[in-house]
Amino acid sequence: MFASDIITHPYHLETIKTLTSLVPAVIDEVQLAVPEAFKVPESGSVSVPLFETIVHLLARISNRAMIGAPGCRNEEFLRRQVSVAEQAIPMSQVLNWFPQIMKPAIWKLFSMIAGSKDEAIRLLVPYIQYRIQYAQQVQDNPETITDLLLRYAPEEHINSPEKLAVRVVHLNMASIHTSAIFTTHALFELAKMSPEQIDMIRTEIKSAMESEGGICNKTAVGKFHMLDSLLREIGRFHSLFSVGSSRLTLRDATLADGTVIPEGSVVALAPKPLHLNPEVYSQPEVFDPFRFSKLRQNGKDTLQSDAKHSFTTLTNNYIVFGTGKHACPGRFFAAFMVKIILAEILLAYDISFPEGASKNPRSFSFNIFTVPNPKAKLCFTKRKASSESE
Ligand code: HEM
């Protein structure tokens, strides 16, 4: 589907490791985009299909980081980008049913019917061209991931906005739905919590912001320990995929128990047995949103304990972001985006399930992937001014 140099020369991976300079823009976009996404009336409430709404919101916010404004608000581009990602996963499975020789033709046919990544690239190119023209001015203070791409890209890519656009589409595919899955599950879980639990989370968010002079910034978000715990628990409990981190063995490998995996085998990890292991997680079948924030406190909130229990920390028993050299490089960015979206929503709205709706909407599985129930709705009601200042 993508040019093979994405694998042989993955310079785009460098761009998502240091995102500090993009933080203010992402916060700004969340504050603008959240009210527009939910359109909550002054009085009364609104009920929205949650996953779809959040995917669209994430597409906008992720692209504020990727290409900046106003490109991140181009509805046609966002719709195309989302559908490229939504088609790619089932399509890659369908392609496996055909012999190698037929795959390019099948892919072309499918793209003609459903629309292809080429359209997303075409819509992106003007924004990439704009960033190329602007590059000198933002050299010391990159404003977008595209600015960072320009630092690492080879000359022939800088002279070809289409090649840079392919990298942006690729990063968007890794970023939007994964982050949206976590945001959606988190909102379903928050809607189930007691008012006291929600108050505790709101209080933590507000005091983190107060400690930063009343604003939301990277340091404040770093103190949202309860949201961080909720996200880590979502990753542990609601597996995103049944097997992941697949790798091709380049030579025979012998495991500790003597099992030999021959060269040329595809091996993958199954998260469930690791994430539900009672020797590692007490009562693993229970969803406890505060599981990891309690562990942090037990560790006396030291830096070491913070790092150990945080959402983005990889361990052999927590493989939500994969493992090893190819573990997700975008996880810090994802965690940041999701937390500011959740904080923004919690401070502005009360959330609840519609009357009569199940509080445990069944997730939807396709092949190895599981996503939140696409039909489930959530109600949003504006918080009163008095409760906002509590
Ligand atoms: C909660 C959100 C996310 C989850 C759960 C997630 C999960 C993963 C997983 C499981 C992998 C495969 C790791 C492996 O093979 O061991 C991966 C790879 C990757 N992710 Fe993420 N991801 C998320 C967000 C993001 C974001 C926001 C970006 C980009 C801005 C991103 C970019 C990537 C890239 C480029 C790779 C490929 C890394 C490589 O091949 O070396 N991800 N991600």
Side-chain angles (χ1 to χ4, degrees), residues 2 4-20 22-23 25-26 29-30 51 54-55 57-67 72 81 85 88-89 142 144-149 152 166-187 227-228 230-248 266-272 274-275 310-316 318-342 368-372:
F2 286 107
S4 60
D5 68 359
I6 282 216
I7 295 165
T8 54
H9 189 190
Y11 64 85
H12 57 286
L13 297 183
E14 294 308 314
T15 66
I16 43 178
K17 290 179 184 162
T18 46
L19 294 166
T20 310
L22 313 182
V23 162
V26 172
E29 200 61 35
V30 169
F51 188 45
I54 295 292
V55 166
L57 178 67
L58 253 308
R60 173 169 166 180
I61 291 159
S62 177
N63 276 288
R64 175 69 186 259
M66 298 287 166
I67 54 170
C72 69
Q81 174 66 65
I89 291 173
T144 66
I145 288 174
T146 305
D147 301 344
L148 289 160
L149 277 174
Y152 297 100
V166 170
R167 302 291 164 135
V168 173
V169 170
H170 179 74
L171 286 174
N172 266 324
M173 284 181 60
S175 167
I176 297 171
H177 288 77
T178 46
S179 308
I181 289 170
F182 275 77
T183 314
T184 305
H185 277 308
L187 288 168
L227 285 184
D228 190 88
L230 170 65
L231 293 172
R232 191 167 174 89
E233 181 72 342
I234 284 167
R236 184 192 72 80
F237 193 83
H238 298 278
S239 288
L240 209 75
F241 43 81
S242 51
V243 283
S245 299
S246 37
R247 307 282 191 265
L248 179 72
V266 175
V267 290
L269 295 174
K272 260 200 178 150
L274 299 172
H275 293 171
S310 97
F311 177 36
T312 49
T313 300
L314 313 171
T315 71
N316 288 345
Y318 192 80
I319 58 161
V320 165
F321 293 106
T323 186
K325 196 174 154 203
H326 292 285
C328 178
R331 62 189 187 277
F332 305 103
F333 176 55
F336 181 76
M337 273 193 305
V338 175
K339 282 184 216 168
I340 40 176
I341 293 171
L342 294 175
I368 60 164
F369 302 99
T370 302
V371 296

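By convention here, the first residue in the shown sequence is residue 1. Note that the structure is a prediction, hence the values are computed from the model and not measured. As the structure lists them, so they are numbered: ligands from 1, and atoms in each ligand from 1.
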Task: Aromatic ring proximity, centroids under 6.0 angstrom, His275 and Phe237 - done: no

- [ ] Output yes when the distance from some N or O of ligand 1 to some N or O of Ser179 is under 3.5 Å, and no in every other case.
- [x] no

Task: Polar side-chain atom of Arg60 near backbone of Leu57 as donor-acceptor pair, under 3.5 Å - done: no

Open item on the list: Suppose we measure from atom 12 (C) of ligand 1 to each protein heavy atom; which comes out shortest, and what is that distance?
Closed with: His326 O, 4.1 Å

Open item on the list: I need the contact type for Arg247 against ligand 1. Using non-hydrogen atoms and a strict under-4.0 Å cut-off, is it side chain, backbone, both or neither?
Closed with: side chain

TODO: Taking all non-hydrogen atoms of both residues into account, name the closest pair between Ser179 and Met337 and its distance.
DONE: OG-CE, 3.7 Å

TODO: Consider ligand 1: state whether an atom of it lies below 4.0 angstrom from any non-hydrogen atom of His170.
DONE: no

- [ ] Would you give the length of the straight line joining atom CG of Asn63 to atom CG of Leu171, rounded to the nearest 0.5 angstrom?
- [x] 10.0 Å

Open item on the list: Using every non-hydrogen atom in the two residues, find where Val55 and Ile176 come nearest and quote the distance to one decimal.
Closed with: O-CG2, 3.6 Å

Open item on the list: For Asp147, is there any backbone N or O sitting under 3.5 Å from a side-chain donor or acceptor partner on Thr144?
Closed with: yes

- [ ] Tell me which protein heavy atom sits closest to atom 1 (C) of ligand 1, plus the residue, atom name and distance to 0.1 Å.
- [x] Phe182 CD1, 3.5 Å

Task: Numbered atoms and elements of ligand 1 in range of Phe333, under 4.0 angstrom, heavy atoms - done: 27 (C), 30 (C)

- [ ] Tell me whether the centres of the aromatic rings in Phe321 and Phe311 are closer together than 6.0 Å.
- [x] yes

Open item on the list: For atom 21 (Fe) of ligand 1, which protein N/O/S atoms fall under 2.8 Å? Skip waters.
Closed with: Cys328 SG

Open item on the list: Donor-acceptor pair, distance only, cut-off 3.5 Å: does the side chain of Arg247 make one with the backbone of Val267?
Closed with: no

Open item on the list: Please check whether Ser245 reaches ligand 1 - meaning an N/O of the residue sits under 3.5 Å from an N/O of the ligand, judged on distance alone.
Closed with: yes

Task: Closest contact, heavy atoms only, Ala186 versus Leu342 - done: CB-CD1, 3.7 Å

Open item on the list: Show the atoms of ligand 1 that are less than 4.0 angstrom away from any heavy atom in Thr323.
Closed with: 16 (O)

Open item on the list: If you define the side chain from C-beta out and look only at heavy atoms, does anything of Met66 sit under 4.5 Å from Asn172?
Closed with: yes

Open item on the list: Distance alone, cut at 3.5 Å: any donor-acceptor contact between the side chains of Ser175 and Ser62?
Closed with: yes

Open item on the list: Donor-acceptor check, side chain of Arg232 to backbone of Thr313, threshold 3.5 angstrom: yes or no?
Closed with: yes

TODO: Considering only non-hydrogen protein atoms, determine which one is nearest to atom 7 (C) of ligand 1 and report residue, atom name and distance to 0.1 Å.
DONE: Val320 O, 3.8 Å

TODO: Please work out whether any backbone atom (N, CA, C, O) or any side-chain heavy atom from C-beta onward of Ile319 is under 4.0 Å from ligand 1, and answer side chain, backbone, both or neither.
DONE: neither

TODO: Could you tell me which atoms of ligand 1, counted from 1 in the order shown, lie closer than 4.0 angstrom to a heavy atom of Phe241?
DONE: 10 (C)

TODO: Look at atom 35 (C) of ligand 1 and say which protein heavy atom is nearest, naming residue and atom and giving the distance to 0.1 Å.
DONE: Leu13 CD2, 3.3 Å

- [ ] For atom 29 (C) of ligand 1, find the nearest protein heavy atom and state the residue, atom name and distance (0.1 Å precision).
- [x] Ile16 CD1, 3.8 Å

